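Reading through the structure tokens given below for one structure.
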Amino acid sequence: MASSGTYKLSSSVPGHEIDVRGLATAVFPAGAFVSVSRDRTGKVWVPNSSPDRGFTEMHCMRGHNNFVSCVCIIAPNDSYPRGLIATGGNDHIICVFSLDRPDPLFTLKGHKNTVCSLSAGKFGTLLSGSWDTTAKVWLNDKCMMTLQGHTAAVWTVVILPEQGLMLTGSADKTIKLWKAGRCEKTFVGHEDCVRGLAVVNDVEFFSCSNDASIRRWMVSGECLQVYYGHTNYIYSLAVFPNGQDFVSTGEDRTVRIWRRGECTQTIRLPAQSIWCCCVLPNGDIVVGASDGTIRVFTESDDRVADATDLQAFEDELSKSIIDPKTGDLGDIKAEDLPGREHLNEPGNRDGQTRLIKDEGKVEAYQWSMSEGRWVKIGDVVGGSSQQSSGNRVMYEGKEYDFVFTIDVNEGGPSMKLPYNVTDDPWLTAHNFLQKNDLSPMFLDQVANFIIENTKGHTLGSAQPSTIDPFTGKRSALLCSNRYIPGSSDDRTGFGMDPFTGGSAYSSTTQQQSTLNIYFPKTDAVTFDQGNTTQILAKLKELNSGTSEEQRLSEHSVTQLEALLLTVCDQQSKLQPTAEQVDILWNTTHWPEDIVFPVLDILRLAVRHPVVNEHLCRETDGTQFCNHILSLMVPQGRPANQMLALRTLCNCFSGSIGRNLLMAQREAILSRACDLRTVRNKNIHVALATLVLNYAGSLHQIQDLEGKAQCLSVASAALEVVQDKEAIFRLLVALGTTVSNDTTAGDLARSLGVQSQIAQYTSTSDPAKVAECCKFVLHKLQ
């Protein structure tokens, strides 16, 4: 088979609607590969038997509800002799497919953010990396272990041939070697995010980075060589069958072939981001790019595209728009550039770039060593903000008034944002963020950038809220004469819920826009509302219908009534008696179907110092906590669960109760976290308030373990909670936890809190959610 030694286009496969983000060489059929895309699909491509040398879609897989970011092949086994295909996405899940059906065989859930890298090992093991800063090891459909140690997104993972050894590369600029779930070594050398890893052999591997370098390492820790050639971020690597030479792709629009440690060929593509590559068994290279096209390159003369397709590819490349801000052309001064005669001089090396000025335009050419000529690779435009309205810019086949370069400072590459003056800047910004997997928190920044640089007009913004978030007034609960656990009456002396009660104050617009009034919040948030008339009526009703051995005497009922009225009347000079508290405690052990009015009395009573001390003191506190926790089992009754949570929240009002809850923190928060899956907004608000009270109590304490648990529970709750008040309180809890504590802030960032809460910056009702969220995000910058 003849070979020119130079890679040329073999075929172009317009297989996806938008960016191709991952590629993998398939086990079956022979010569096939798999691609995944931001269009939420995965596809299997097989080589054509016809003379066009192209590929045909054999199988399409759908299972993700967001962008698909990565793919790998799980080796064949007895159950699946053709192997399996695993894909990871921005929906935080991993889908595992067979070639027999378009939907997943099963899904793997556990990551809290985008799954951006996958690697399959022996015996069906699968390694996944995620923006949540962790890697996870899976066996079949179970997560066997979580690898924790990186402080930023885990962009790339790979399983080494030696059993038990795994590598992870991260945005924290390090690579970690893991064995049996433990970090054995950390490799330091890259100066920016580590984006790709590739195995050379049992003891060597390659890494690539946003620092535009490639490194070759020994697993022992020694860096053997550093390769330079790319002029921007490098996204992916693939090793040729000989185990030594390799290919790399990046943000500089190039595919680069490396032989014997040198870059021997540079192939430019008509797309800005060359996201991924793989090498087929026959040595052909497959690359995926931001234009949604898959391209196959070969050094075999038998598989090179025909002259028509080669010319079409060259023509497409020549029409590309090159922004010098991408960094691969250097500092351009058009007035100093030579004319077309400069192309009469041959280049010195393959891939050499030369710029000329022709009729006022700057054109870029690349030297092709195999063809002995300069090939046009695009037109160079000035800075995006220097575009004039009279000069339309071609981008991805369409003309635009502007093509901006956006850098969001998130460790990712600069990105292209096309815009016409007739477009809505906010809608354009929204679409741009979605296309590029970017957080909604950048919406205002991108939209304002567009407006400023096109001299557009801002849209009218909503007036900032002037209601204090902890005391803002809302409509009264209308419940007629029906008893509802936790409901209130409007009698004098009833303390209002501090987040939703009536003693609201207004702050000025200027304060709202510049002053953080939300956190840290260190005073306890309690549930003070209660309708004594209805509570007592329900208590007497249920008491009269219960069994004789459980029924309270008239004296006991009278004592409970006196206790309730005493603790709810702030002007009362009476004190709860020990007898009253004992009757209350004993009655809380009523059957779970009738105990709720007693629990309502309990959660109001524990606010009183006498009751708080009596129930939470050292001798009785553990028993009290255990009983409350028994009411919070996930299969329990929602009314009891809610009132138990509210009781714990109200215990924070006294020092004795607070000390007890801090001592029992791990058990209480663990059980409370289990209730996040109960579909009840009142339970979610109570859960959020409990986390907030713990955060407030931990604020001035050096208890990283406690703060870590608060962050973990808040993060877990935010995954499922929908109620805006609960979300708001969780945001306040997060803000309180990270305030004045850099370690807690680092911990929050490692949990991916920023990307998790960014969606709430656009919440308009109530406005306090978005305002508080922005302050939390500012703390985490």
Side-chain angles (χ1 to χ4, degrees), residues 11-47 54-76 80 82-109 111 114-120 124 126-131 138 140-141 155-158 196 235-236 238 249 273-280 285-296 434-437:
S11 62
S12 293
V13 185
H16 290 280
E17 297 173 7
I18 48 178
D19 303 52
V20 179
R21 289 305 304 265
L23 291 165
T25 303
V27 176
F28 177 89
F33 63 87
V34 184
S35 64
V36 295
S37 166
R38 285 179 173 170
D39 65 10
R40 307 185 182 189
T41 68
K43 297 185 178 183
V44 180
W45 304 91
V46 296
F55 284 79
T56 299
E57 179 184 325
M58 168 191 165
H59 187 53
C60 183
M61 298 162 288
R62 299 178 185 273
H64 292 278
N65 57 31
N66 208 325
F67 304 134
V68 190
S69 305
C70 55
V71 61
C72 78
I73 306 299
I74 300 175
Y80 300 99
R82 298 192 296 179
L84 296 173
I85 300 168
T87 61
N90 284 45
D91 53 7
H92 309 179
I93 68 173
I94 300 164
C95 293
V96 180
F97 299 89
S98 71
L99 290 174
D100 302 320
R101 48 193 276 189
D103 57 315
L105 289 173
F106 54 89
T107 58
L108 306 177
K109 298 180 179 179
H111 282 296
T114 295
V115 179
C116 52
S117 182
L118 293 167
S119 178
L126 183 68
L127 177 63
S128 60
S130 169
W131 291 0
W138 310 81
N140 300 320
D141 59 347
W155 274 108
T156 179
V157 299
V158 70
Y235 294 134
S236 71
T249 69
S273 305
I274 318 303
W275 293 115
C276 50
C277 64
C278 69
V279 176
L280 299 179
I285 301 167
V286 186
V287 297
S290 54
D291 61 357
T293 300
I294 302 164
R295 295 177 177 87
V296 182
Q434 282 203 329
K435 176 183 177 182
N436 291 286
D437 300 358

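These values consider heavy atoms only, across backbone and side chains, with no hydrogens, waters or symmetry-generated copies. Given the structure is predicted, the values throughout are model-derived calculations rather than measurements. Heads up: numbering here begins at 1 and tracks the sequence.
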Could you tell me whether the side chain of [Y] reaches within less than 4.5 Å of the side chain of [X], counting heavy atoms only?
X: Thr87; Y: Cys70; answer: no
X: Leu99; Y: Ile85; answer: yes
X: Phe33; Y: Leu280; answer: yes
X: Trp275; Y: Thr249; answer: no
X: Thr293; Y: Val13; answer: no
X: Val158; Y: Ser119; answer: yes
X: Trp45; Y: Met58; answer: no
X: Cys277; Y: Ser236; answer: yes

Closest contact, heavy atoms only, [X] versus [Y]:
X: Cys60; Y: Pro102; answer: O-CB, 3.5 Å
X: Ile18; Y: Ser37; answer: O-OG, 3.1 Å
X: Leu118; Y: Ser128; answer: CD2-CB, 3.6 Å

Among His59, Met61, His16, which one satisfies side-chain contact (heavy atoms from CB on, under 4.5 Å) with Lys43?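 That would be His16.
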
Criterion side-chain contact (heavy atoms from CB on, under 4.5 Å) on Ile73 and Val34, from CA distance to verdict: CA-CA 9 Å; Ile73 306 299; Val34 184; 3.8 Å; yes

Once you round to the nearest 0.5 Å, how far does [atom1] of [X] lie from [atom2] of [Y]?
X: Tyr80; Y: Asp100; atom1: OH; atom2: CG; result: 8.5 Å
X: Phe97; Y: Arg62; atom1: CZ; atom2: CZ; result: 10.0 Å
X: Ile294; Y: Cys276; atom1: CD1; atom2: SG; result: 8.0 Å
X: Asn65; Y: Cys95; atom1: CG; atom2: SG; result: 8.5 Å

Ion pair [X]/[Y], N-O distance below 4.0 Å:
X: Asp91; Y: Arg40; value: no
X: Asp103; Y: Arg101; value: yes
X: Asp291; Y: Arg295; value: yes

Does a donor on one side chain sit under 3.5 Å from an acceptor on the other, for Thr114 and His92? no

Assess the side chains of Trp155 and Ser117: does a donor N or O sit below 3.5 Å from an acceptor N or O? no

Is it true that a side-chain atom of Asn90 and a backbone atom of Asn66 form a donor plus acceptor pair closer than 3.5 Å? no

Under 3.5 Å, side chain of Ser290 to main-chain N/O of Ser273, donor-acceptor pair present? yes

Checking Ile93 against His64 for the side-chain contact (heavy atoms from CB on, under 4.5 Å) test, could you report, in this order, the C-alpha distance in whole Å, the side-chain angles of both residues, the deciding distance, and whether it holds? CA-CA 8 Å; Ile93 68 173; His64 292 278; 3.8 Å; yes

Could you walk me through whether Val20 and Val36 pass the side-chain contact (heavy atoms from CB on, under 4.5 Å) check? CA-CA 6 Å; Val20 179; Val36 295; over 6 Å; no

Show your reasoning for whether side-chain contact (heavy atoms from CB on, under 4.5 Å) applies to Leu126 and Ile94. CA-CA 10 Å; Leu126 183 68; Ile94 300 164; 4.1 Å; yes

